[in-house]
Structure formats: C-alpha cells, structure tokens
There are 2 protein chains.
Amino acid sequence: MPPAKVSQHQRRGYIVPVGGAEDKDSNPTILERFVERSGGEHARIAVIPTASRLDDTGSRYEHIFQQLGASHARSLEYHRREDADRGEWLSYLKEATGIFLTGGNQLRISTVLGGTDVARAIRTANASGTTVGGTSAGAAILSEHMIAFGASGSTPRAGMASLAPGFGLTNKVIIDQHFRQRDRIGRLLAALAFNPFAIGIGLDEDTGAFIDAEDVLEVVGSGCITVVDLGGLEHSSMDMADEGDAICMTGIKMHLLDNGSRYDLKSRTAHPSAHR
Amino acid sequence: MPPAKVSQHQRRGYIVPVGGAEDKDSNPTILERFVERSGGEHARIAVIPTASRLDDTGSRYEHIFQQLGASHARSLEYHRREDADRGEWLSYLKEATGIFLTGGNQLRISTVLGGTDVARAIRTANASGTTVGGTSAGAAILSEHMIAFGASGSTPRAGMASLAPGFGLTNKVIIDQHFRQRDRIGRLLAALAFNPFAIGIGLDEDTGAFIDAEDVLEVVGSGCITVVDLGGLEHSSMDMADEGDAICMTGIKMHLLDNGSRYDLKSRTAHPSAHR
C-alpha cells in the first residue's frame, strides 16, 4: 500500500531508521535526537518490542527514553496477533508523540502486526506528525518494501534478497541495516534490482537517518549511510538472471555519507556535512 | 613511472589482471583466453612465481599452459634480487609472447623485482605487444599504483588501503582482487580516494579483465568486475579524515559487469554483455 495520505494542514512526522547497535550509554546521540524529534521533555514514546524474542527489550528502551528526558515511555508488548485488539494499548499508541520499534526479526513485526489496527495506527500517526523510528528489524519494517532476509557479500546475485511488504511509511527507500558490519551491499543492490525506482539506504550500526517531512534525510551517528541511486541505471541483467547468478548493472550512483550529511530523496542530491 | 611508451608502429599487448583462484581444471576459460591472446599454439609463456612462497607454483602453471596448447611455458624462478641478473632467463622473458605473474604477496614481487632489468623487460615487452597478466598478487602489481595491503569491509576508512608503486603497465586503473570473496569494496574506495583520477577495478575470484591496446576491458570468467569511477566525484572528506575515520564521498559511479561485458577506460562507458 502507498504511504498514508498526509492531509493538507499536517506535516508528516520524521521517519527514523537506525542501523542497529546504536549507542545507548556513553554517547546515545541517535536516541537523544529521537527523543528531541518526539517532543523532548513533552515526548510520550511508545516502544514496540515485537521483533525481539527477549523479555526485557521493551523495558530497556522505556528506561533509556526516560533517562534521555522523555516525559513518558511505555513498552507495548505486542507478541501475538490478538494483542492488537487491546484498546488501552492502542489509545496509548495513538496519543504517542514518538513510536519506536526495536530490533529482532522484521518478519515477526510484519507477521504479528501486519494488517492490524496497530499497523494502521502507526501509519496514521506518522502521517499526522508523529515521529516513527526503529532500529535494525525496526528500521527495515518502516518502508513500503522491506528486505525480509538475504545473504551477505558485496556482489549482488539473483535471489540474494527477499522482499516483503513493510509498514509503508515511505515508498521512496529500501532500507538495510548493520550495513558495513554484515557486508550487505550485495543484498541491497539485489533488492533494488527488482525495481530500481526506490533509493537504497544502507545504514551502518550506530547510525540513523532522520527523514523529514520534505524527504530530506540527515545522517546521525558514528558510521556511514550508503545511498544507492539507480535512477541513472543504464542496464540490468536482473530480468535474465537465474537464481544465484551475479547481477550485472551499469550506471549505479553511490554516496557515502557521514554524520551531519544530508540527502534529498526527491531531488536525489547529496549534501555532505563539510559543505553545509 | 608512467607506462612504457608504445612506439608508433606497435600496439601495446593485452594487460590481464585476474582476481585469483581462477579455474585451472574443469573450465579454465581465463587461462585458455590468456594462451590464445599470447599466440595460441605459437605461445611462449614466461611464468613468474615470485609472489608465491610455494615451490611448485611456477611448475604448476608451466604444466597448465602447456596443457592449454602453448608451445612453450617456462617458470622463471625469480626469488632473490640477484636472480634478475641471469642472462638466460632474461632472454627467455624478452622472447616470450606472454608473461604471467602468479599469486602470493604483491610486495614480494615489487621488493624482489622492482627497479631490476626484469621489471624493465616486462614493461618494454608489454609496450611492444606482449600479453602480460597475473592473478591475485600478480594482478595487483600490473598497474602504476597498486594496493599493497589493506583491511576488509564495505565502508572506506582513512588508512584502510596502503598503496605502493607497481610495474606501471597502465596508470588508468587501480586493481583489487578476491573482491567479493574478501569484502574489499571499502579498501578499493579508500585507495581511489587518495587521488580519484584512476578507475577502480575490483575483480572477483575466477574473473579476469582483458585490457586491449585501446584500453577497452573485457570481462572473462564466472564472477563480476566492479568498476568504480570517481570521475564525477562531487565531494570527498579524504583530506580531512583521520586514521580510521569513515570517508564520506558523493557522486561515486559504479558498474557491475559480468562475463562478456566491456568497459572503455578512456570514455568511461560500460557495455554490458547482453547489449552487444
């Protein structure tokens, strides 16, 4: 489904994919910025730990967000589809100024929450101004097309990336995480090769993208974001590739952006930090 | 030093970097093509096993090239600098129609042969039409600027690649090998970031580039060649990066080319296999 419609008098909230393993202790710049973009001391943050199999993931983020100055932070423990019907949780979610999805397995999020009132509430909230972010699996789920799973390596091969529908807050990007750490440039390229309309966003660990209402992305954190733009694609062998074949593509454009750099997803232009 | 001058009535020989681990048994397309480009049944191939620490590397290639139809193949066992003075070996080298450098450590080749009559003979031979190739370390040494060693990973970081002077058969490219297998896109980008004039050629294993006298490269083998072109570089943080810092660059162009694809190093244009 296309991104939820933003009505005329509203601005979409920030969309904040984070590459996983963000600093939570000594230098938590990404989570700090998330609280700030969610209203700072007035922030009411809903944590969704659905992706995780650990019992304390949600409560850990509750604590962190409170430490970072949010007035409220609460983990909504959606672990089964019937949890989506809990009215009181849904009310909290709808009144939140920030929604944060933890790491784990993105297919758990889509399996448990896909098609429920919770997914609808998240889309509607973002469209009406609520900041929505997530780390690792929680980042992947944010976009229309998410990488469900795939193989490591730097050469894209047919069958290397499996896509699944995500929450659809944006259809401009396909997101990958733990990017450098898990050697995922091949699978991001393979995911984009299916249909080169989207822009690939490869997030290193401890690195987040703050995408504003104008679709300008700012890099925050200690790593890089690799932006892959197939807008100028000249040739792709994807349509002829058998499972496992290397995909041949020409005319790939790539930008490596560090903390403070911006990328305009509409005009497809990079603005490095040093030049601002 | 710049590439040896090709005189007016001569054509430079092929330059053939191979990404390592080329098939030597069931489907030796690269080595077959090397023999063919060296004169086929008239080929006289000099093998230079200097990079290797194994005793039988040279004799193994002697055998392979003979099996593939070369009329002569001989390993010249240059292992110490004084070996470069052996007149009879030098004569064989000068009369060879193909010269092949084995894998191992490229710094051994440059340390043992750099500045000797052997290095000069290889340059002169290539300039006057002799095919010169090499695999892995033997590929790295072919260009003017070679990657001596470096770190793995997909994000380029300052200090990740150390350059050293190679044989200088071409200054158009910087070559990296075992490209996908050892996750080297970061180090190739870091090597190019020093001075973006050269084109990066990342060779997967069992994949070779046959670069003709017109500087058109053809991909041969089962993997990919990743061509990285910084000709359109918009910004680089390389000048400000401290050791270990991620290098931020925008405007990188990249092509992933498979068997049969060509890339024109002069016009910087890709010609995928399916389009020829």
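All chains are named by letter (A, B, ...) in the order of the sequence lines, taking the proteins before the strands, and each is independently numbered beginning at 1. Only heavy atoms go into these numbers, but all of them, side chains included; no hydrogens, no water, no symmetry mates.
- Annotation for Pro156(B) and Leu256(A): closest pair CG-CD1, 3.3 Å, computed over non-hydrogen atoms.
- Rounding to the nearest 0.5 angstrom, the gap separating the CD1 atom in Ile247(A) from the CG atom in Asp258(B) is 10.5 Å.
- The side chain to side chain contact (heavy atoms under 4.5 Å, CB included) test with His235(A) singles out one residue from Ser273(B), Pro272(B), Ser261(B), and that residue is Pro272(B).
- In this structure, chain A has heavy atoms under 4.5 Å from both the backbone and the side chain of Leu257(B).
- Between chain A and the residues Lys253(B), Arg184(B), Met249(B), the largest count of heavy-atom pairs under 4.5 Å involves Met249(B).
- Residue contact with chain A, scored on non-hydrogen atoms closer than 4.5 Å, is absent for Ile225(B).
- Heavy atoms of other residues, nucleotides or ligands lying less than 6.0 angstrom from CZ of Arg60(B) number 12 at most.
- The contact between Leu189(A) and chain B is made entirely by side chain atoms (from C-beta outward), counting heavy-atom distances below 4.5 Å.
- Nearest heavy-atom pair, Ala270(B) versus Thr250(A), reported as atom, atom and distance to 0.1 Å: CB-CG2, 3.5 Å.
- For a residue to count as touching a neighbouring chain, one of its non-hydrogen atoms must lie under 4.5 Å from one of that chain's; by this rule Asp245(B) does not touch chain A.
- One finds the CE atom of Met254(A) at 9.0 Å from the CG atom of Leu230(B) (value rounded to the nearest 0.5 Å).
- Note that the CG atom of Asp183(A) and the CZ atom of Arg182(B) stand 14.0 Å from one another [nearest 0.5 Å].
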